There are 2 protein chains.
Amino acid sequence: MNLTARTAEQIGEALRRTRKARGWTQSDISARTNLRVATISSLENGDAGTKLATVLAVMAALGLEFRLVERGGSLDIEDIF
Amino acid sequence: MNLTARTAEQIGEALRRTRKARGWTQSDISARTNLRVATISSLENGDAGTKLATVLAVMAALGLEFRLVERGGSLDIEDIF
DNA sequence: GTTCCTTTTGCGGCATAGCGTAAATAAAAG
DNA sequence: CTTTTATTTACGCTATGCCGCAAAAGGAAC
């Protein structure tokens with residue numbers, strides 16, 4: 001899974017793929033975050049107007065965290081081994 | 001540098017540290033992003049209401065990108081070598 | 001002290017996120 | 001196919017981001 005993101009579209013895609021990998025629906029995320037399903041939908045579809053708080057809530061629900069890395073920076077160890 | 005972030009405060013801190021490491025001012029970022037200095041300030045101080053577009057613009061100006069990784073996930077290769 | 005640069009805070013304004021609710025599509029299951 | 005579930009879109013609403021602009025506060029150097 002490539003979870004590198006420089007755009008809202010890439011973040012939305014990564015969140016949707018992670019959610020599906022967990023076997024969850026947008027409704028499940030909604031229940032865990034108190035965000036509306038419509039808000040999750042908008043985020044997954046790449047709305048750059050989404051608030052940081054919303055992104056972080058969904059990330060937390062999915063068990064994800066951010067790493068801020070240099071563009072073209074070090075590879076993740078799992079990309080090698 | 002630990003650039004792992006789960007909160008707006010951690011993202012703001014990481015952005016500020018990266019900016020300083022580049023020897024730049026908030027005004028420099030402002031010029032590169034067309035965001036106000038006040039907006040950069042707010043973001044660096046951990047305002048979770050900041051829009052994703054704003055975060056991404058500052059990240060791009062700093063030459064950074066996101067990686068979405070599992071909490072407690074794989075280490076960055078530079079943490080080993 | 002003063003000067004200079006940087007960061008933070010405040011104001012009025014416009015644009016829009018996220019809310020509740022609901023309906024309309026889309027996709028999956030039977 | 002029909003039924004069920006999932007996702008998207010729309011309405012009116014309140015809250016707030018970001019804007020320009022400005023002033024205040026903080027920090028470093030002299």
Side-chain angles (χ1 to χ4, degrees), chain A residues 1-68 70-71, chain B residues 1-68 70-71:
Chain A
M1 276 223 233
N2 181 13
L3 298 169
T4 300
R6 295 176 199 176
T7 68
E9 285 78 13
Q10 290 170 334
I11 289 176
E13 238 181 72
L15 294 179
R16 174 166 283 162
R17 263 198 298 173
T18 303
R19 174 176 62 80
K20 299 229 175 212
R22 303 266 189 280
W24 293 349
T25 64
Q26 291 179 349
S27 183
D28 291 328
I29 305 292
S30 175
R32 285 168 169 79
T33 59
N34 293 316
L35 294 164
R36 293 186 314 154
V37 169
T39 301
I40 317 286
S41 170
S42 176
L43 169 58
E44 289 188 354
N45 283 312
D47 180 6
T50 305
K51 291 183 185 179
L52 188 50
T54 300
V55 180
L56 291 170
V58 173
M59 299 257 307
L62 290 170
L64 296 176
E65 67 189 8
F66 277 129
R67 301 253 169 108
L68 284 68
E70 309 249 349
R71 272 200 316 252
Chain B
M1 274 221 231
N2 181 11
L3 298 168
T4 300
R6 294 177 202 178
T7 67
E9 285 78 12
Q10 290 171 335
I11 289 176
E13 242 181 66
L15 294 178
R16 174 166 282 161
R17 267 198 295 173
T18 304
R19 175 176 60 80
K20 300 231 177 211
R22 304 264 189 280
W24 293 349
T25 65
Q26 290 179 350
S27 182
D28 291 327
I29 305 292
S30 175
R32 285 168 170 81
T33 58
N34 294 316
L35 294 164
R36 294 185 314 154
V37 169
T39 301
I40 318 286
S41 171
S42 176
L43 169 57
E44 289 188 353
N45 283 313
D47 181 7
T50 305
K51 290 184 185 179
L52 189 50
T54 300
V55 180
L56 291 169
V58 173
M59 300 258 307
L62 291 170
L64 295 177
E65 67 189 9
F66 278 128
R67 300 258 168 99
L68 285 69
E70 308 249 349
R71 275 200 314 251

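Here is how names work: the chains are called A, B, and so on, in the same order as the sequence lines, proteins then strands, and each is numbered from 1. Being a predicted model, the structure only gives us computed values, none of them experimental.
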In this structure, how many angstroms lie between the [atom2] atom of [N] and the [atom1] atom of [X], rounded?
| X | N | atom1 | atom2 | result |
| --- | --- | --- | --- | --- |
| B:Asp28 | C:dC5 | CG | C1' | 12 Å |
| A:Asn45 | D:dT8 | CG | P | 5 Å |
| A:Glu44 | C:dG18 | CD | P | 13 Å |
| A:Leu43 | C:dC19 | CG | C1' | 16 Å |
| B:Leu35 | D:dG20 | CG | P | 9 Å |
| B:Arg19 | C:dT6 | CZ | P | 10 Å |

Can you tell which of [options] lies closest to the side chain of [X]?
| X | options | answer |
| --- | --- | --- |
| A:Lys51 | C:dA17, D:dC19, C:dT7 | C:dA17 |
| B:Thr50 | D:dC18, C:dC19, D:dT8 | D:dC18 |
| A:Val37 | D:dT7, C:dT7, C:dG18 | D:dT7 |
| B:Arg16 | C:dT7, D:dT7, D:dC18 | C:dT7 |
| B:Gln26 | C:dT9, C:dT8, D:dC19 | C:dT8 |

For [X] and [Y], indicate whether the former's side chain and the latter's backbone hold a donor-acceptor pair under 3.5 Å.
| X | Y | result |
| --- | --- | --- |
| A:Asp28 | A:Thr25 | yes |
| A:Thr54 | A:Thr50 | no |
| A:Arg67 | B:Leu68 | no |

Discussion item. When you measure from the side-chain N and O atoms of A:Thr39 to the phosphate of C:dC19, is any distance below 4.0 Å, counting only OP1 and OP2?
Written reply: yes
Taking any heavy-atom pair under 4.0 Å as a contact, classify [X]: base, sugar-phosphate, or nothing.
| X | result |
| --- | --- |
| A:Ser42 | nothing |
| A:Asn34 | sugar-phosphate |
| B:Thr54 | sugar-phosphate |
| B:Ile40 | nothing |

Worksheet item: Does a distance-only test, which skips hydrogens and angles, find a donor-acceptor pair under 3.5 Å between the side chain of A:Arg36 and the base of C:dT21?
Response: yes
Discussion item. Taking the basic N atoms (NZ, or NE/NH1/NH2) and the acidic carboxylate oxygens, is any pair closer than 4.0 Å for A:Glu13 and A:Arg6?
Written reply: no
Discussion item. Can you tell whether the side chains of A:Arg16 and A:Glu9 come within less than 4.0 Å, N to carboxylate O?
Written reply: no
Worksheet entry | Position toward the 5' end of DNA chain D (nearest nucleotide), B:Asp47 or B:Ala38 | B:Asp47
